[in-house]
> 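One structure is given below, represented as structure tokens, and several questions about it will come after.
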Amino acid sequence: MKKIYFGSNLKMYKNTSDTQEYITKLVELTKKISREKMELFILPSYTSLFSASNLNTQNFIRLGAQNVSWADEGQLTGEISVPMLKELQIDLVMLGHSERRHIFGEKDQDLNNKIKNALKHKLTVLLCVGETLEEKKYNLTREVLTKQLKIDLYEISSDHIQQLIIAYEPVWSIGVNGIPATPEYAEESHKMIRKILKEIFGEKGNIIPILYGGSVNRKNARRLVLKPSIDGLFVGRAAWDAENFSALIEESLDILESKHAKLSSSN
Ligand code: PGA
């Protein structure tokens with residue numbers, strides 16, 4: 001069975017003590033699950049990263065930041081650099097979340113600079129891509145994903161391929177007003193992304209995990225993970241309660257294991 005990823009972006013929720021409590025509980029609830037078959041990561045707020053990292057639970061839950069600067073230092077008020085993250089033992093950063101793109105106007109060219117710098121410093125980059133509702137209406141999903149991936153990953157050597165994870169998050173599916181993508185729609189988009197990654201990196205593009213995100217919950221998680229092109233789930237609201245998230249993870253793993261067992265017995 002291939003390794004499956006589960007992660008959550010805590011956005012601007014949970015202060016330092018909430019985050020510590022949440023991570024401690026999530027470790028407790030999930031520690032019996034072998035990390036060989038799944039990787040679990042959490043992206044807390046910047047102010048919570050230091051204390052979260054001091055919990056020393058990174059063997060169970062990888063910690064990442066929600067954004068990072070393209071520069072290592074400079075006159076860049078309000079920014080946080082990659083070396084500052086590394087000082088906290090953080091080796092993962094999310095870039096290009098839809099809220100960064102659409103509320104803060106982050107451009108693909110900026111993302112390309114940020115990704116290049118993070119990769120140079122050996123961080124893993126979780127790159128988020130996805131089309132808006134309007135772009136979907138005009139049937140532009142393929143074009144949008146191509147543009148985002150080709151600019152965001154411009155001039156990135158395939159030597160860095162092991163440091164990349166993609167999250168496909170259609171903008172219309174994210175948050176309280178989001179409509180979850182059907183597993184079939186998500187599967188089609190994941191296939192498109194895989195094709196574009198292969199155009200960029202050749203066959204090596206096959207090894208980049210592609211996660212689905214956007215209104216994932218305990219009702220739809222199992223149907224999503226069963227899709228062959230979905231390598232994991234990137235969960236917002238449904239993950240912010242540790243018990244709900246661990247149940248979602250267990251249920252997803254159970255269904256994958258029974259599918260795997262059925263396949264091996266029929267072979
Ligand atoms: P949601 O958030 O699961 O609450 O829709 C997803 C995200 O923003 O990554």
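We count ligands from 1, going down the list as the structure has it; atoms in each ligand are counted the same way.
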> Which residue holds the protein heavy atom closest to atom 4 (O) of ligand 1, what is that atom called, and what is the gap in Å?
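That would be R237 NE, 2.6 Å.
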> Taking both backbone and side-chain atoms of G214, is any N or O found less than 3.5 Å from an N or O belonging to ligand 1?
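It does not: no N or O of G214 is found under 3.5 Å from an N or O of ligand 1.
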> With sequence neighbours left out, write down each residue that passes side-chain hydrogen bond (donor to acceptor under 3.5 Å, both in side chains) with Y13, or none if nothing qualifies.
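Result, side-chain hydrogen bond (donor to acceptor under 3.5 Å, both in side chains) vs Y13: none returned.
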> How far is atom 9 (O) of ligand 1 from its nearest protein heavy atom, and which residue and atom is that?
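That would be E169 OE2, 2.6 Å.
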> Cation-pi check, K116 to W70: give yes when NZ or CZ is under 6.0 Å from the six-membered ring centre and within 45° of the ring axis, no otherwise.
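No, K116 and W70 do not form such a contact.
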> Of the protein's non-hydrogen atoms, which lies at the shortest distance from atom 3 (O) of ligand 1, and what is that distance?
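For atom 3 (O) of ligand 1, the nearest protein heavy atom comes out as G236 N, 2.9 Å.
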> Where do Q163 and L123 come nearest, in terms of heavy atoms and distance?
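Distance-wise, the nearest heavy atoms are NE2-O, 2.9 Å.
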> Near K11, which atoms of ligand 1 are under 4.0 Å from a heavy atom of that residue?
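Within the 4.0 Å cut-off of K11, ligand 1 contributes 2 (O), 7 (C), 8 (O).
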> Is any side-chain heavy atom of V216 closer than 4.5 Å to a side-chain heavy atom of F6?
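They are not in side-chain contact.
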> So, is the end of the K227 side chain (NZ or CZ) under 6.0 Å from the ring centre of Y212 and within 45° of the ring's axis?
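So K227 doesn't make the cation-pi contact.
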> Does the N or O separation between G175 and ligand 1 drop below 3.5 Å for any pair?
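It does: an N or O of G175 is found under 3.5 Å from an N or O of ligand 1.
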> So is S215 touching ligand 1 or not, going by heavy atoms under 4.0 Å?
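It does; at least one heavy atom falls under 4.0 Å.
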> Can you name the closest pair of heavy atoms from A118 and V93 and give their distance?
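Closest pair (atom of A118, atom of V93, distance): CB-CG1, 4.1 Å.
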